[in-house]
Number of protein chains: 2
Amino acid sequence: MPQNDLDTLDERIVHALAEDARRTYADIGAEVGLSAPAVKRRVDRLRERGAITGFTVRVDPAALGWQTEGFIEMYCRSRTAPEDIRRALARYPEVASASTVTGDADALVQVFAADMRHFETVLERIAGEPFVDRTKSVLVLSPLLRRYTAGPPL
Amino acid sequence: MPQNDLDTLDERIVHALAEDARRTYADIGAEVGLSAPAVKRRVDRLRERGAITGFTVRVDPAALGWQTEGFIEMYCRSRTAPEDIRRALARYPEVASASTVTGDADALVQVFAADMRHFETVLERIAGEPFVDRTKSVLVLSPLLRRYTAGPPL
DNA sequence: TCTGAAACTTAGCTGTC
DNA sequence: GACAGCTAAGTTTCAGA
């Protein structure tokens with residue numbers, strides 16, 4: 001088994017891919033000081049380990065016609081299992097992310113919708129889920145920053 | 001091959017890339033009913049239009065040692081420009097996303113940190129920004145859903 | 001065990017229709 | 001938008017440190 005868990009090299013590779021997943025292995029290798037095959041093998045290992053879960057495209061939601069973004073705080077009935085919340089929200093294509101959180105609310109849900117009417121529809125449907133007591137929502141006025149990776153400095 | 005609406009084709013291409021940005025153009029083309037060069041040209045156009053802003057890697061923050069996630073609501077001094085907030089937050093690698101929002105708070109900031117101590121440090125530094133009156137933060141207990149694209153059903 | 005070089009395979013790209 | 005050919009990258013193999 002490899003002796004290094006995530007070493008500096010792996011972090012730099014992940015960082016390079018996070019900025020541009022289409023960079024070639026040779027190119028990344030030149031930056032971190034490895035050959036192309038060596039970089040590929042490390043990427044393969046990172047995928048096996050679950051550190052990298054896939055490759056995706058960075059999308060500007062507004063440019064695709066999803067103009068309205070908002071966050072919905074969910075207040076649930078006591079004894080609602082997180083898994084029940086997850087299963088229910090997974091059915092909404094408008095839900096981009098959701099987490100259970102500390103504080104008054106039980107879960108915080110990020111939603112993209114085509115317009116305000118669409119957002120309202122989604123909000124009402126979520127509020128109507130059987131385990132939901134009430135909701136509180138805020139609308140995004142303007143997105144300031146949208147990174148797809150974050151963490152301690154590499 | 002049925003005649004497809006152009007918008008529908010673009011959306012299906014984006015959807016395919018969002019799920020797996022490493023799929024080949026030929027593979028995506030087979031799904032949507034186009035040749036590989038045709039798909040590539042549509043992707044190029046989507047990039048030029050700004051609908052696709054880049055390609056990135058899907059990372060499991062926890063697997064990379066970023067165990068602590070939270071949201072910080074920022075309450076700012078009146079007459080703080082959104083651009084000032086953006087510029088200040090851009091300096092924090094721990095900030096994954098930030099938006100100005102409706103409601104009591106001025107901005108909602110998503111933060112990833114290595115651990116609780118690190119999160120606290122970031123929180124204190126953000127709270128110490130000259131334009132910040134006060135902050136309110138919630139910690140993520142468990143992420144339920146983390147999609148990298150969302151929107152109206154395709 | 002991890003690496004790098006080279007051979008091999010596949011996909012990306014461009015010109016043409 | 002499709003086809004075809006050229007270019008470039010991904011992938012595998014193998015031998016060395």
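Chain letters run A, B, ... following the sequence lines, proteins first, then strands; residues in each count from 1.
The pair Arg41(A)-Asp44(A) fails the salt-bridge criterion, with no side-chain N (NZ, NE, NH1 or NH2) lying under 4.0 Å from an Asp/Glu carboxylate O. With respect to the salt-bridge test (charged N to carboxylate O, under 4.0 angstrom), the residues Arg86(A) and Glu83(A) qualify. For the pair Arg146(A) and Glu69(A), the salt-bridge criterion is met [side-chain N within less than 4.0 Å of a carboxylate O].
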Check nucleotides 7-17 of chain C against the protein and report each pair of N or O atoms closer than 3.5 Å, with its distance, or say if there are none.
| residue | atom | partner | partner atom | Å |
| --- | --- | --- | --- | --- |
| dG12(C) | OP2 | Tyr25(B) | N | 3.3 |
| dG15(C) | O6 | Arg41(B) | NH2 | 2.8 |

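Not counting sequence neighbours, the partners of Thr100(A) by the side-chain hydrogen bond (donor to acceptor under 3.5 Å, both in side chains) test are Ser142(B). Not counting sequence neighbours, Ser137(B) has no partner by the side-chain hydrogen bond (donor to acceptor under 3.5 Å, both in side chains) test. Residues forming a side-chain hydrogen bond (donor to acceptor under 3.5 Å, both in side chains) with Arg23(A) (at least two apart in sequence, or on another chain): Asp27(A), Glu31(A).
Clustering ILVMFWY residues whenever any of their side-chain heavy atoms sit less than 4.5 angstrom apart, transitively, puts Val59(B) in the very cluster that holds Phe55(A).
Five base pairs at each end of the helix from dT1(C)-dA17(D) to dC17(C)-dG1(D) define two local axes, and these are offset by 30° (rounded to 10°).
Separating the CD1 atom of Ile28(A) from the C1' atom of dG10(D) is a distance of 12 Å, rounded to the nearest angstrom.
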Donor-acceptor pairs under 3.5 angstrom involving side-chain atoms of residues 122-134 of chain A: please list them, not counting sequence neighbours.
| residue | atom | partner | partner atom | Å |
| --- | --- | --- | --- | --- |
| Glu129(A) | OE2 | Arg91(A) | NH2 | 3.1 |
| Glu129(A) | OE2 | Tyr92(A) | OH | 2.6 |

